[in-house]
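A quick write-up on the structure given underneath.
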Amino acid sequence: MAQRIISIFLSSPSDVAEERHALSSLISEINDVVAFLAPERNVNLMLIHYETNVYPNIGSGPQDVINSQIPIDYDIHFGMMWKRCGTPTKSAERHGRGIRSSAGA
């Protein structure tokens, strides 16, 4: 049976770095436990995040570079917030909008 990969896209601002690390560790631990206790399931969780899945590039703005590299066909979107909600994108500033951006949108 082919391995089933469940992709989890994490979107978060910079003030939750510890929590992002904790989620990454948790996903790694879940993968280890499932592989040990239920290897026949052949399932793996894969965390997708801009810090680990995006490479430097030139674009019309940082958010556009991220959006072009993050796949939009993830299985789970995990949004993490605390005191910040990110920074306004160049597009939002240009058009005077106060909207928040999400990858793939």
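Bear in mind the structure is a predicted one, so any value in this text is a computation, not a measurement.
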In the hydrophobic cluster built from side-chain contacts under 4.5 Å, what are the other members alongside I27?
I6, I8, L10, V16, L23, L26, I30, V34, V43, L45, L47, I76, F78, M80, W82

Where the side chain of S7 meets the backbone of D75, is there a donor-acceptor pair that is under 3.5 Å apart?
yes

Who passes side-chain contact (heavy atoms from CB on, under 4.5 Å) against S14, sequence neighbours left out?
R84

Looking at residues at least two apart in the chain, or sitting in another chain, which of them share a side-chain contact (heavy atoms from CB on, under 4.5 Å) with Y55?
N57, Q69

For the OH atom of Y50 and the CD atom of Q63, what is their distance to the nearest 0.5 Å?
9.5 Å

Applying side-chain hydrogen bond (donor to acceptor under 3.5 Å, both in side chains), name anything that partners N42, two or more places apart in sequence or on another chain.
none

CD1 of I48 to NE2 of H77, rounded to nearest 0.5 Å, is 11.0 Å

Show every salt bridge (Lys or Arg N to Asp or Glu O under 4.0 Å) that has at least one partner inside residues 9-21, sequence neighbours left out.
R20-E51

Rounding to 0.5 Å, atoms CZ (F9) and CG (N53) come to a distance of 9.0 Å

side-chain hydrogen bond (donor to acceptor under 3.5 Å, both in side chains) contacts touching residues 24-36 (sequence neighbours left out):
N31-N44

Close side-chain approach of P13 to M81, heavy-atom, < 4.5 Å
yes

